[in-house]
Colleague: 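This is the structure I have questions about; it appears just below.
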Amino acid sequence: AQKVTQAQTEISVVEKEDVTLDCVYETRDTTYYLFWYKQPPSGELVFLIRRNSFDEQNEISGRYSWNFQKSTSSFNFTITASQVVDSAVYFCALCSGGYQKVTFGTGTKLQVIP
Amino acid sequence: DARVTQTPRDKVTEMGQEVTMRCQPILGHNTVFWYRQTMMQGLELLAYFRNRAPLDDSGMPKDRFSAEMPDATLATLKIQPSEPRDSAVYFCASGLWGGGANTGELFFGEGSRLTVL
């Protein structure tokens, strides 16, 4: 069985603050892929990043960074110097299993207050 | 600009009616997923296909839901009869998977908002 847990339902921060969104996953597979997607108020889900289970290097893309730790089964997402445009629901997802099923967490709603 | 197309964007219907949602995946993509989004459940996986073959539809209420891919350019999700608890946004997503760099990555449509009265 595979599972993704995003314990933070909603987070509010003031603009320019840093914020970290937590993601914990469960899978019995040794090969798997982790993702983050963004869902802005418009409703469409947008791909942000993909990580495979053999690559634990952290990644930075502009104000976004991701911390993948297999030891704690976590794949956390940090936004540095948050902006109002970052307000959205963020989903963590796991792709694993023989049929490569993609399971999403319940999402974290981020509100960035000006 | 290739994108996943879903129809209808909005549907209001009465309990007991049949509802069909359609999805045109990105041309060349071999994997199609159907998800349902509600406030309480987040994104629930309903069914998915690889090369038009159904792989897993265990998330779908079998008595009323059915999913098919009549051809590579069309995926359908049908609810018959519909119930108020089916009210949600239904997303279709596609990807080109084959063990390479894109495995797992999904491109989502804009969703079909269903309201069952």
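Quantities reported herein were computed from a predicted structural model and do not represent experimental measurements. Protein chains get the first letters and strands the later ones, always in sequence-line order, with residue 1 at the start of each.
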Colleague: Specify the closest pair of heavy atoms between A/Cys95 and B/Gly104, including all atoms of both residues, with the distance to one decimal.
Modeller: SG-CA, 3.9 Å
Colleague: Look at B/Leu45, B/Leu106, B/Thr31 and state which one has the largest set of heavy-atom pairs under 4.5 Å with chain A.
Modeller: B/Leu106
Colleague: So, do A/Gln100 and B/Trp97 sit near enough that their side-chain heavy atoms are less than 4.5 Å apart?
Modeller: yes
Colleague: Compare every heavy atom of B/Tyr48 with every heavy atom of A/Lys101, then report the nearest pair and how far apart it is.
Modeller: CB-OH, 3.2 Å
Colleague: Counting only non-hydrogen atoms closer than 4.5 Å, does B/Gln37 touch chain A with its backbone (N, CA, C, O), its side chain (CB onward), both, or neither?
Modeller: side chain
Colleague: So for A/Tyr32, is it side chain, backbone, both, or neither that comes closer than 4.5 Å to the heavy atoms of chain B?
Modeller: neither
Colleague: Tell me, yes or no, whether the heavy-atom count around A/Ile60 atom CD1, taken from other residues, nucleotides or ligands under 6.0 Å, exceeds 12.
Modeller: no
Colleague: Which bit of A/Phe35 is near chain B, if near means a heavy-atom gap under 4.5 Å: side chain, backbone, both or neither?
Modeller: side chain
Colleague: So does A/Glu15 have more than 12 non-hydrogen atoms from other groups sitting under 6.0 Å from CD?
Modeller: yes
Colleague: How about A/Phe47 and B/Phe108: are their ring centroids closer than 6.0 Å?
Modeller: no
Colleague: Is it true that atom NZ of A/Lys70 has more than 12 heavy atoms of other residues, nucleotides or ligands lying nearer than 6.0 Å?
Modeller: yes
Colleague: Any chance NZ of B/Lys11 has more than 12 other-residue heavy atoms, nucleotides or ligands included, within less than 6.0 Å?
Modeller: no
Colleague: Side-chain heavy atoms under 4.5 angstrom apart, residues restricted to Ile, Leu, Val, Met, Phe, Trp, Tyr: same cluster for A/Leu48 and A/Val112?
Modeller: yes
Colleague: Could you tell me whether B/Arg113 atom CZ has more than 12 heavy atoms of other residues or ligands within 6.0 Å of it?
Modeller: no
Colleague: If you measure from CD on A/Glu44 to CD on B/Gln6, what distance do you get to the nearest 0.5 Å?
Modeller: 9.0 Å
Colleague: Please name the pair of heavy atoms, one in A/Phe104 and one in B/Leu43, separated by the smallest distance, quoted to 0.1 Å.
Modeller: CD2-CD1, 3.6 Å
Colleague: According to a 4.5 Å side-chain heavy-atom criterion applied to Ile, Leu, Val, Met, Phe, Trp and Tyr, with indirect links allowed, do A/Tyr64 and A/Trp36 form part of one hydrophobic cluster?
Modeller: yes
Colleague: Which residue pairs pass the ring pair (Phe, Tyr, Trp, His ring centres under 6.0 Å) test when at least one of the two sits in residues 7-29 of chain B, sequence neighbours left out?
Modeller: B/His29-B/Phe107
Colleague: How close do A/Val102 and B/Phe33 get, heavy atom to heavy atom, and via which atoms?
Modeller: N-CE2, 3.6 Å
